[in-house]
Amino acid sequence: MSHRENLSAVLHAPRDLRLENRPVTEPKSNEVLLKINSVGICGTDLKFWEYGRIVGFDINKPVILGHEFSGTVVKVGSGVEHLKAGDRVAVEPSFPIKDDELVKSGRYNLALSEHRTGIPPSNGAMCQYLAHNANYCFKIPDSLSFEEGALVEPLSVGIHACHRGEVKIGKTVFICGAGTIGLMCMLVAKTMGAAQVVICDLISSRLEMAKKLGADFTIKIDGETPEILAKKVKAVLGTMPNVSLECTGKEFCMQAGMYATCSGGTMVLVGLFEEQMNIPITQAIIREVDIRGSFKYCNTWPMAINMLVLNKIDVKPLVTHRFPLNEIQKAFETTRKGMGIKVILKCDPSDMD
């Protein structure tokens with residue numbers, strides 16, 4: 001099977017994003033060839049587009065971005081038995097290359113050797129066709145849209161973060177940031193039984209979305225200090241939160257989360273920070289606040305898909321903008337301006353619904 005065109009959005013340097021036709025890679029053993037339908041633009045993609053780097057990763061050669069995606073299997077490689085041509089799938093973009101001790105213990109997201117789709121130097125899904133490891137492609141039913149399939153990735157980030165924070169029935173939760181990841185964390189926390197969730201952000205429209213999706217309280221950040229924000233969190237909850245989830249990667253929010261979290265509580269770092277940050281570490285020491293990192297996801301795709309299929313979580317309202325692949329510059333500009341919540345690229349020209 002051959003395809004003449006594979007229109008791809010290739011980032012050569014900051015703001016230098018070009019539409020090019022790339023060859024279609026045939027699936028190897030245990031791979032499938034996917035026809036890409038929907039791809040979400042996330043904060044990581046935006047940083048690569050704006051600055052050519054994020055912490056730990058730099059663009060040293062042209063690369064195709066995109067790691068939140070779904071599509072249809074068009075061809076299977078040898079050894080693939082659980083998928084066939086025509087299957088609709090949500091795709092887990094990263095997977096371990098070698099079975100090291102972390103992989104064997106079940107924490108494959110921390111593998112020392114890993115393929116990261118859409119993270120330089122590996123090409124991603126802002127294209128029409130992509131070959132991917134079949135074991136990390138998960139069938140989705142016709143009841144789910146391709147856009148929902150693409151959002152399984154950020155939903156999985158929220159699931160893993162809430163697992164790391166041990167969010168349970170009756171817990172109170174503070175979320176810093178009402179972008180896609182913060183909202184996903186909020187939806188998951190509520191589904192996991194959190195008694196009350198408060199979420200903060202700079203942008204009023206995001207807080208309005210959070211309220212619509214079920215946040216108990218919202219706080220608009222307006223020039224206050226981290227200590228004052230923490231006091232506002234306590235005031236609306238009536239108590240200090242058991243769990244704080246930092247989803248912005250900003251020093252201010254990490255500090256606010258440290259001041260806000262109750263003694264014996266847990267602070268989960270979800271957003272990607274710069275290498276060095278100033279934090280009120282004494283708060284963690286004298287009040288025994290546990291600080292935990294949360295990196296991507298691990299064994300979450302089946303759970304995330306089930307949550308969507310069973311209508312436990314509705315992610316559809318998060319998609320506020322859609323663009324065809326050939327309007328990718330406009331899509332990135334829309335994301336940069338903070339318009340809406342989630343911008344989706346539609347890579348299949350026959351499907352713009």
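This chain uses plain numbering: 1 for the first residue, then up along the sequence.
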| message | Hydrophobic clustering (ILVMFWY, side-chain heavy atoms < 4.5 Å, transitive) - are L213 and I199 grouped together? | response | yes
| request: Please name the pair of heavy atoms, one in C298 and one in R107, separated by the smallest distance, quoted to 0.1 Å. | output: SG-CA, 3.8 Å
| message | Please verify the inter-ring angle class for F69 with H132; under 30° counts as parallel, over 60° as perpendicular, anything in between as tilted. | response | perpendicular
| message | To the nearest 0.5 Å, what is the distance between NE2 on H163 and NZ on K168? | response | 11.0 Å
| request: Enter the distance from D222:CG to I228:CD1 here, rounded to the nearest 0.5 Å. | output: 12.5 Å
| field | Audit row: D216, K211, salt bridge (charged side-chain N to carboxylate O under 4.0 Å, His left out) steps and yes/no | value | CA-CA 7 Å; D216 296 288; K211 195 70 176 177; over 6 Å; no
| message | Main chain of P280, side chain of Q283: is a donor-acceptor contact present, judged purely on distance under 3.5 Å? | response | no
| task | Indicate yes or no for a side-chain donor-acceptor contact from H67 to the backbone of T44 under 3.5 Å, with no hydrogens or angles considered. | result | no
| remark: Closest heavy-atom pair, C137 versus V32, reported as atoms and distance to 0.1 Å, is SG-CG2, 3.8 Å
| query | Heavy atoms, side chains only, cut-off 4.5 Å: are P349 and Q128 in contact? | reply | yes
| message | Other residues, nucleotides and ligands only: do more than 12 of their heavy atoms fall within 6.0 Å of CD1 on I285? | response | yes
| said: Are L345 and V91 connected into the same hydrophobic cluster when the rule is that any two of I, L, V, M, F, W, Y join if their side-chain heavy atoms are below 4.5 Å apart? | reply: yes
| field | NZ or CZ of R15 within 45° of W49 ring axis and under 6.0 Å | value | yes
| task | With rounding to the nearest 0.5 Å, note down the distance linking CG in L144 to CD1 in I305. | result | 7.5 Å
| said: Could you check whether any side-chain N or O of R164 sits under 3.5 Å from a backbone N or O of G293, counting only pairs where one atom can act as donor and the other as acceptor? | reply: yes
| What heavy-atom pair brings C185 and I175 nearest, and what distance separates the two atoms? | C-CD1, 3.8 Å
| task | Look at the side-chain heavy atoms of Ile, Leu, Val, Met, Phe, Trp and Tyr, link any pair under 4.5 Å apart, and say whether L245 and I221 land in one connected group. | result | no
| Do L151 and L183 share a hydrophobic cluster (ILVMFWY, side-chain heavy atoms under 4.5 Å, transitive)? | yes
| Taking the side chain as C-beta and beyond, is there a heavy-atom pair between D201 and I219 under 4.5 Å? | no
| task | Establish, from distance only, whether the side-chain atoms of E20 and H12 form a donor-acceptor pair under 3.5 Å. | result | yes
| query | Below 4.5 Å, heavy atoms only, C-beta onward: do L229 and C200 meet side chain to side chain? | reply | yes
| query | Atom CG of L34 and atom OH of Y129: how far apart are they, to the nearest 0.5 Å? | reply | 11.0 Å
| message | Is there a side-chain contact between N278 and Q255 in this structure, where contact means two heavy atoms from C-beta onward sitting under 4.5 Å apart? | response | yes
| said: Surrounding NZ of K312 (heavy atoms of other residues, nucleotides or ligands, distance under 6.0 Å), is the total greater than 12? | reply: no
| Contact summary for G40 and D45, nearest pair of heavy atoms | O-OD2, 3.6 Å
| message | Quick check: do L11 and F48 have side-chain heavy atoms less than 4.5 Å from each other? | response | yes
| message | Are L19 and F323 connected into the same hydrophobic cluster when the rule is that any two of I, L, V, M, F, W, Y join if their side-chain heavy atoms are below 4.5 Å apart? | response | yes
| note | When every non-hydrogen atom of A125 is compared with those of I36, the smallest separation belongs to O-CG2, 3.5 Å
| query | Side-chain donor-acceptor pair under 3.5 Å between T261 and S244, yes or no? | reply | yes
| query | Side chains of V319 and I341: closer than 4.5 Å at any heavy-atom pair? | reply | no
| remark: One should read off an interatomic distance between D290 CG and E166 CD, to the nearest 0.5 angstrom, of 8.5 Å
| message | Taking the side chain as everything from C-beta on, heavy atoms only, tell me whether E147 gets closer than 4.5 Å to R322. | response | yes
| Salt bridge check: are K296 and E114 linked by an N-O gap of less than 4.0 Å? | yes
| said: Under 4.0 Å between a side-chain nitrogen and a carboxylate oxygen: does that hold for K316 and D314? | reply: yes
| said: Please determine whether a side-chain nitrogen of the Lys or Arg among K330 and E333 lies less than 4.0 Å from a carboxylate oxygen of the Asp or Glu. | reply: no
| Are any side-chain N or O atoms of R18 and backbone N or O atoms of S8, one a donor and one an acceptor, separated by less than 3.5 Å? | no
| said: Could you check whether T320 and K342, counting side-chain N and O atoms only, form a donor-acceptor pair closer than 3.5 Å? | reply: no
| task | For the residue pair Y297 and W301, categorise the inter-ring angle as parallel (less than 30°), tilted (30 to 60°) or perpendicular (more than 60°). | result | perpendicular
| field | Exam field: side chain E31 to backbone K28, donor-acceptor pair closer than 3.5 Å | value | yes
| remark: When every non-hydrogen atom of A134 is compared with those of V80, the smallest separation belongs to CB-CG2, 3.7 Å
| query | Any sub-3.5 Å donor-acceptor pair from N37's side-chain atoms to S70's backbone N or O? | reply | no
| Between S156 and E153: side-chain donor-acceptor atoms closer than 3.5 Å | no
| query | When rounded to the nearest 0.5 angstrom, what is the spacing between CD1 in I41 and NE2 in H321? | reply | 11.0 Å
| Taking side chain as C-beta onward, heavy atoms only, is P241 less than 4.5 Å from V173? | no
| field | Side-chain donor-acceptor contact under 3.5 Å, T248 with E246 | value | yes
| What do you reckon, are the aromatic ring centroids of H160 and F295 less than 6.0 Å apart? | no
| request: Could you tell me whether a side-chain N or O of Q329 sits under 3.5 Å from a main-chain N or O of L17, the two making a donor and an acceptor? | output: yes
| message | Before you tell me yes or no, could you show the steps for V103 and Y108 under side chain to side chain contact (heavy atoms under 4.5 Å, CB included), namely the whole-Å CA-CA distance, both residues' side-chain angles and the distance that decides it to 0.1 Å? | response | CA-CA 4 Å; V103 175; Y108 65 86; 4.2 Å; yes
| query | Counting distance only, does the side-chain N/O of D58 pair as donor-acceptor with the main-chain N or O of N60 below 3.5 Å? | reply | no
| said: Atom OH of residue position Y51 - does it have more than 12 heavy atoms of other residues, nucleotides or ligands inside 6.0 Å? | reply: no
| Under 3.5 Å, is there a donor-acceptor pair between the side chain of S38 and the main chain of K346? | no
| query | Are any side-chain N or O atoms of K212 and backbone N or O atoms of P317, one a donor and one an acceptor, separated by less than 3.5 Å? | reply | no
| field | CA sep, side-chain torsions, deciding dist, call: L155, L308, side chain to side chain contact (heavy atoms under 4.5 Å, CB included) | value | CA-CA 10 Å; L155 177 56; L308 296 176; 4.0 Å; yes
